[in-house]
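Below is one structure, written out as structure tokens; the observations come after it.
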Number of protein chains: 2
Amino acid sequence: MAIVATVSTGTFLTPLCMSCSVRSASVCSAIKDQDVPRLAGIATVMDVAVGKLLIEAGEQALYFFNVSSGAAKLYRLLPDGRRHIIGFVRSGDFLGLAAGEDYAFSAEALTPLKVCRFTRKKLYDLLSDFPAMERRLLQAASNELAAAQDQMLLLGRKTARERVASFLRSEAAHTPSAQGHSWALLMTRGDMADYLGLTIETVSRTMTALRKCGVIAISTASDVSIEDTAALESIADGTLLN
Amino acid sequence: MAIVATVSTGTFLTPLCMSCSVRSASVCSAIKDQDVPRLAGIATVMDVAVGKLLIEAGEQALYFFNVSSGAAKLYRLLPDGRRHIIGFVRSGDFLGLAAGEDYAFSAEALTPLKVCRFTRKKLYDLLSDFPAMERRLLQAASNELAAAQDQMLLLGRKTARERVASFLRSEAAHTPSAQGHSWALLMTRGDMADYLGLTIETVSRTMTALRKCGVIAISTASDVSIEDTAALESIADGTLLN
DNA sequence: CGAATTTTTGATTTATCTCAACAACCGTGG
DNA sequence: CCACGGTTGTTGAGATAAATCAAAAATTCG
């Protein structure tokens with residue numbers, strides 16, 4: 001099911017780590033240059049094609065991942081097929097902290113995806129020698145936890161309009177090229193719906209409504225821009241009522 | 001606002017730590033007996049009365065807490081007063097990992113509450129000498145993250161009936177005395193509603209419906225018992241449709 | 001005991017969902 | 001390069017789960 005192409009494994013990945021474009025922004029930044037070979041020694045670099053699974057719910061949770069490039073969606077299913085997307089990961093994000101014995105969620109590539117895979121046990125062993133990395137992981141978990149609480153507030157108490165506005169604000173914040181310009185949404189209306197606890201139709205209608213009142217512009221379905229940042233903010237935060 | 005009674009601070013808390021009833025079940029279990037004085041040295045024991053705030057949203061996040069006894073609800077507010085309860089903490093739970101610079105949530109005692117308070121900075125300093133405790137914190141954060149994902153699925157995709165059933169199952173699991181018996185819910189219908197993304201009326205009606213079909217029994221509003229565990233399970237997991 | 005709060009129940013409204021049809025877009029292969 | 005089938009997105013009309021409004025009942029607590 002989870003078809004992936006393993007590129008390579010082991011210490012000879014050292015040069016890849018040294019030149020890794022997300023190293024400084026990821027948990028790996030806690031490892032000093034001279035120790036990188038130890039990190040590279042337990043890493044496997046993998047490529048995942050769009051639509052393929054990186055993680056499948058129910059599998060034994062053997063690995064952690066660090067995203068080098070691309071993006072993925074994480075989702076859970078109810079027995080009758082209802083789906084909920086619990087989050088997205090992108091360049092620099094660390095993946096797998098939330099898992100227990102088995103993965104509770106699946107992870108599917110939204111774009112061509114490149115990840116570094118670490119065996120859980122080996123990474124834990126490594127952490128004993130690199131407390132700075134463990135501190136970074138704790139920091140990452142704290143940030144994720146805070147984000148999860150934001151999302152719970154959104155799902156529990158925000159209107160469709162507020163949810164979509166919050167989502168667009170967050171996406172723009174995660175997309176450097178979005179500052180003042182249009183950008184390409186990585187996800188379909190269906191993904192947005194399953195992330196925001198809505199239906200495709202409601203997401204579509206709400207996007208259209210935000211466009212019609214001048215808050216955003218939509219050229220293609222996936223190519224959007226924020227036209228009125230202040231208005232989007234106040235809708236997202238629930239300051240505006242109408 | 002957050003009126004609390006500080007009982008005592010410092011190394012002479014050591015005997016309190018040594019005899020602490022939740023030590024073995026909390027992150028403090030990572031500290032060996034001979035090192036307990038160092039832990040006690042940075043702790044402050046506090047009592048919080050029912051309805052009082054332990055943490056107020058917006059305050060600088062200076063502290064971590066470990067709950068010795070009692071329970072509290074954690075909540076966030078939208079500007080217009082909509083409230084969402086992001087979770088509950090009980091004996092043994094560690095509190096404050098999710099915070100950034102400031103607390104994003106408030107914490108209010110549901111019962112008379114006893115907590116150990118640690119200054120963030122001091123605890124972080126201590127962690128350098130006790131990697132086992134840092135590992136425990138990472139573990140705690142992972143568990144919270146997994147729970148948050150469960151809750152997101154609940155809020156995003158479950159029906160009122162499924163939400164209430166999930167809540168009752170989880171409460172029973174957190175309450176040793178609930179196994180096969182009735183127990184006292186710590187929270188009001190309003191708290192349940194704000195936790196489950198529903199209204200008071202919907203929670204009340206749903207509880208009544210679950211009682212009428214024999215899944216639960218309700219003697220007092222707060223005194224409930226599970227009469228048909230299998231049915232509750234399948235409702236909670238979305239296996240049952242009706 | 002009695003005021004205040006919480007809970008339950010009923011009647012009605014509404015935001016969002018569902019069902020349905022059509023339009024736009026996308027990748028593929030002729 | 002364009003036609004074509006499949007997917008994704010939009011829009012409309014109607015249905016519905018849950019919200020809102022309202023009032024009575026039960027419970028709590030000073």
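What you see below is based on every heavy atom in this structure, not just the backbone, and it leaves out hydrogens, waters and symmetry mates. So you know, we letter chains A, B, ... as the sequences are listed, proteins then strands, and number each from 1.
- Considering all non-hydrogen atoms of both residues, A/Leu113 and A/Ala72 come closest at CD2-CB, 4.0 Å.
- Atom-to-atom, CD1 of B/Ile218 to C1' of D/dA25 comes out at 15 Å; the value is rounded to the nearest Å.
- For A/Thr111 against A/Ala71, the heavy-atom pair with the smallest separation is OG1-N, 3.0 Å.
- Computed from coordinates, the B/Arg163 CZ to D/dA17 C1' distance equals 11 Å when rounded to whole Å.
- Atom CG of B/Leu155 is separated from atom CE of A/Met152 by 7.5 Å, given to the nearest 0.5 angstrom.
- Regarding B/Arg211, its CZ atom lies at a distance of 13 Å from the C1' atom of D/dA26, rounded to whole Å.
- When all heavy atoms of B/Ser68 and B/Val22 are compared, the closest pair comes out as O-CG1, 3.2 Å.
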Using atom names, set out every protein N or O paired with an N or O of nucleotides 23-26 of chain C below 3.5 Å, distance rounded to 0.1 Å.
none

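- Following rounding to the nearest Å, A/Lys158 (NZ) and D/dA18 (C1') show an atom-to-atom distance of 21 Å.
- At a non-hydrogen distance threshold of 4.0 Å, B/Gly197, B/Leu198, B/Thr199 from residues 188-200 of chain B come into contact with DNA chain D.
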Without placing hydrogens or testing angles, list every side-chain donor-acceptor pair under 3.5 Å for residues 204-218 of chain B, not counting sequence neighbours.
residue  : atom : partner  : partner atom : Å
B/Thr206 : OG1  : B/Thr202 : O            : 2.6
B/Thr208 : OG1  : B/Ser204 : O            : 3.0

Ignoring hydrogens and angles, write down the donor-acceptor pairs under 3.5 Å from the side chains of residues 84-99 of chain B, residues two or more places apart or on other chains.
residue : atom : partner  : partner atom : Å
B/His84 : ND1  : B/Asp194 : O            : 2.9
B/Arg90 : NH1  : B/Glu171 : OE1          : 3.3
B/Arg90 : NH2  : B/Glu171 : OE2          : 2.6
B/Asp93 : OD2  : B/Arg90  : N            : 2.8

- [ ] Could you walk me through whether B/Arg163 and B/Leu168 pass side chain to side chain contact (heavy atoms under 4.5 Å, CB included), step by step?
- [x] CA-CA 9 Å; B/Arg163 292 180 202 202; B/Leu168 291 171; over 6 Å; no
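- Contacts between residues 201-210 of chain B and DNA chain D, counted as heavy-atom distances below 4.0 Å, involve B/Glu201, B/Thr202, B/Arg205.
- Here CD of A/Glu144 is found 9.0 Å from OG of B/Ser142. Values are rounded to the nearest 0.5 Å.
- For the pair A/Arg117 and A/Tyr63, the cation-pi test (distance below 6.0 Å, angle within 45°) is passed.
- Seen from the ring of B/Phe105, B/Arg76 does not count as a face-on cation partner, given the 6.0 Å and 45° thresholds.
- Using a 30° and 60° split on the angle between ring planes, B/Tyr195 and B/Phe167 fall in the perpendicular class, above 60°.
- Shortest non-hydrogen contact noted between A/Ser177 and A/His181 is O-CB, 3.6 Å.
- Between the two ends of the helix from C/dC1-D/dG30 to C/dG30-D/dC1, each summarised by a five-pair axis, the helix axis turns through 50° (rounded to 10 degrees).
- Regarding A/Arg82, its CZ atom lies at a distance of 10 Å from the P atom of C/dT18, rounded to whole Å.
- Inspection of the A/Glu108 and A/Ser106 side chains reveals no N or O donor paired with an N or O acceptor under 3.5 Å.
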